[in-house]
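What you see below is based on every heavy atom in this structure, not just the backbone, and it leaves out hydrogens, waters and symmetry mates. To find a chain, count down the sequence lines: A is the first, B the second, and so on, and within it residues start at 1. Computed from a predicted model, the values in this text were never measured in an experiment.
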Number of protein chains: 2
Amino acid sequence: MSAPRIARIDQSKLRENVYFALRDAFTRGEFAPGDTVSLRDLAEQLGTSMTPVREAVRRLVAEGALIDTPSRTLQVPAFDARRMQDLKQARLALEALVLDLAMDRMTPEIIAAMEAVLTTHSDPGITGPDLQQNYDFHFTLYRASESEVLLPLVEALWLQYGAYLNLIIKHEEALRMPEHKHHQEIIAALKAGDRAAAHAALANDIERSFRVLVPTA
Amino acid sequence: MSAPRIARIDQSKLRENVYFALRDAFTRGEFAPGDTVSLRDLAEQLGTSMTPVREAVRRLVAEGALIDTPSRTLQVPAFDARRMQDLKQARLALEALVLDLAMDRMTPEIIAAMEAVLTTHSDPGITGPDLQQNYDFHFTLYRASESEVLLPLVEALWLQYGAYLNLIIKHEEALRMPEHKHHQEIIAALKAGDRAAAHAALANDIERSFRVLVPTA
DNA sequence: GTCCGGATATCTGTGATATTTGATCTTAGG
DNA sequence: CCTAAGATCAAATATCACAGATATCCGGAC
């Protein structure tokens, strides 16, 4: 292990690329709940054959972002208040857990990275909340947990949540929410090493992100 | 690397059947951590072509039961104490959540079903703990939560845990553990509607199941 | 004799494509 | 208007072609 470290070749796999392409589409709110998607259409759109698309889609189904219907068509899960409630509770429970692990391993560098995320706006032309920034902020934090078990679960939850992001644009008042308030609180709590405050701020942020989606809940 | 025994499957829904066949194999502890598996071998053992196996395996990878190696071979995750710890914490958090939801919807019928599970031994010839019975007991309870979000997550955790079940047989003393103690406590708490007691019993049961695996932890 | 290097044989998954199966829609017959 | 047979389309499965990885083995240098 004394040899100079050389980065591994980027094993470019079509399946992975398709998966992340679809994943991105979800987090951008490109899919509407209830939409049906066709493997052929996706394959043609992405310029590949059906095989990589099918495997990527299998993964998305396993993660709950898509569901198989009895008629063998694929569908984006329809909106469901009960499901939304489950999603929120799962996020509250798991992300609290991940936060604890992350705080065990917290460093000034990570906090700095989180602050950097907040100051760099991804795209000046966006209309709604900066979804990419929000994602980056949370996962910069969560990655600090270094948990190979929890992180994929949390990502799966965000992906399922992503299927509803399409509905955000509808609520004008949501756009003017103080988006960074809880994020700043989280950073302050991290700096102070105050676990209770960090948990409270994170919980509030999660609650907020669901209020954006369902203002009445 | 000895070929795990996997039951043949009938036609129709090949992909699903392959998935569940492999899943069963995991919960029976047929795979040893570190094992590599081959799509062609599995396809031949199951009497299908590679395609359904590939899709089933993709799902298992997404759920963390198998991992892709850089050399593109599939591998059962090797034992890892850190990972085990994460798994336990995730199970404690999520199953507590599911327990709460289940208790909101608890009925005498469900409790009776859980008791029935405990009195019917699946296979008289088994040597170790009755894994199938344990699974059935917990998921009879968890299904009562009716959560389409949380249940798959918990199943994924059990599946990852399952990759280590192979190691149980090694610990002779574990076999004589009072297996049903916590299960009976859970049932008693459910009957009494005592949430705190139910949570405590479930937590103890989860801790126990990891102690069976890693006696020193 | 032992150790190292390279060639090759034989695995592996990946991606593409052809074939089969099943479901839905249309439409002809009642 | 309703029913049922057939046309149509997409997904599920099987098969094929290929490139990368591992293992084996053989030859030569020390």
message: Assuming nearest nucleotide by heavy-atom distance, tell me which of A:Asp41 and B:Glu16 is located more 5' along DNA chain D.
response: A:Asp41
message: Under 4.0 Å, heavy atoms only, any strand: does B:Arg40 hit a base, just the sugar-phosphate, or nothing?
response: base
message: Heavy atoms only, 4.0 Å cut-off, all strands: where does A:Thr51 land among base, sugar-phosphate and nothing?
response: base
Nearest heavy atoms of B:Ala32 and B:Val76, plus distance in Å: O-CB, 3.6 Å
message: Here's a test for you: under side-chain contact (heavy atoms from CB on, under 4.5 Å), which of B:Asn134, B:Thr140, B:Leu141 qualifies with B:Val117?
response: B:Thr140
Would you indicate, yes or no, if [N] has its OP1 or OP2 atom less than 4.0 angstrom from a side-chain nitrogen or oxygen of [X]?
X	N	answer
B:Ser71	D:dT22	yes
B:Arg15	D:dA12	yes
A:Ser38	D:dA11	yes

task: Evaluate the ring planes of A:Trp158 and A:Tyr135, with Trp represented by its six-membered ring, and classify them as parallel (under 30°), tilted (30 to 60°) or perpendicular (over 60°).
output: perpendicular
query: Relative to each other, are the rings of B:His183 and B:Phe137 parallel, tilted or perpendicular (30° and 60° limits)?
result: parallel
Please report, rounded to the nearest Å, how far the [atom2] atom of [N] is from the [atom1] atom of [X].
X	N	atom1	atom2	answer
A:Leu66	D:dA11	CG	P	12 Å
A:Leu42	D:dA10	CG	C1'	13 Å
A:Leu39	D:dA11	CG	P	5 Å
B:Lys13	D:dA11	NZ	P	13 Å
B:Gln75	C:dG13	CD	P	12 Å
B:Leu74	D:dT22	CG	P	13 Å
B:Leu14	C:dG22	CG	P	11 Å
A:Asp68	D:dA12	CG	P	7 Å

field: Salt bridge flag under 4.0 Å for residues B:Asp205 and B:Arg208
entry: yes
message: Reading DNA chain C from 5' onward, which residue's closest nucleotide shows up sooner: A:Pro70 or A:Thr48?
response: A:Thr48
- line: Between B:Met50 and A:Arg72, the residue closer to the 5' end of DNA chain C by nearest nucleotide is B:Met50
query: If you take atom types as modelled and just measure distance, does the side chain of A:Arg54 reach the base of C:dG15 with a donor-acceptor pair under 3.5 Å?
result: no
